[in-house]
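Residue numbers run from 1 in the order of the sequence given.
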Amino acid sequence: LADLYHHLHHNNNGGVVDALKAMGFASKRMDEDYMCIFATQLFDRNVVDGGLLSLNDFERQRGEKVRKIPRKYMLTCRVSLLLR
């Protein structure tokens, strides 16, 4: 999780994707741009207006979807979203 925040802070897309993979996240195609937007939306700041509902629309447009979110990171995601 610390690596993910480090890479998000430094806009290192490859590092973000590597950190997500190491954390156990998986998506349909593991598209780097999508995974970076997903991670930023869930853990850092809003990049898709309207939060997760708009993220679903974004997923449909890109033909991409997260398939696995590890349980041990669910609370962190929820707290990050709620604090905004």
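Environment of CZ in R78: sparse, with no more than 12 heavy atoms of neighbouring residues, nucleotides or ligands closer than 6.0 Å. Atom NE2 of H9 has 12 or fewer heavy atoms from other residues, nucleotides or ligands within 6.0 Å.
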I69 and M74: side-chain contact (heavy atoms from CB on, under 4.5 Å), yes or no, with the steps? CA-CA 7 Å; I69 300 175; M74 286 293 211; 3.8 Å; yes
How far apart are the C-alpha atoms of V17 and C36, what are their side-chain angles, what is the distance that settles it, and do they pass the side-chain contact (heavy atoms from CB on, under 4.5 Å) test? CA-CA 7 Å; V17 174; C36 289; 4.2 Å; yes
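To the nearest 0.5 Å, the span separating CZ on R67 from CZ on R29 amounts to 10.5 Å. How far CG of L20 is from CG of D3: 11.0 Å, rounded to the nearest 0.5 Å. In this structure, the separation between CG on N13 and CG on L8 is 9.0 Å, given to the nearest 0.5 Å. Note that the CZ atom of F25 and the CG atom of L4 stand 7.5 Å from one another [nearest 0.5 Å]. Expressed to the nearest 0.5 Å, how far CG of L75 lies from CG of L82 amounts to 9.5 Å. Here CG of L42 is found 13.0 Å from OH of Y73. Values are rounded to the nearest 0.5 Å.
Across all their heavy atoms, E64 and Y34 have their closest contact at CG-CD2, 3.0 Å. Of all non-hydrogen atoms in V16 and A39, the two that sit nearest each other are CG1-CB, 3.8 Å. Counting all heavy atoms, side chain and backbone alike, G14 lies closest to E32 at CA-OE1, 4.0 Å.
Y5 places a side-chain N or O within 3.5 Å of a backbone atom of F43 that can act as its donor or acceptor partner.
Taking D18 as the reference, nothing meets the salt bridge (Lys or Arg N to Asp or Glu O under 4.0 Å) condition, with sequence neighbours excluded.
Looking at M23 and L1, their side chains come closer than 4.5 Å, going by heavy atoms from C-beta outward.
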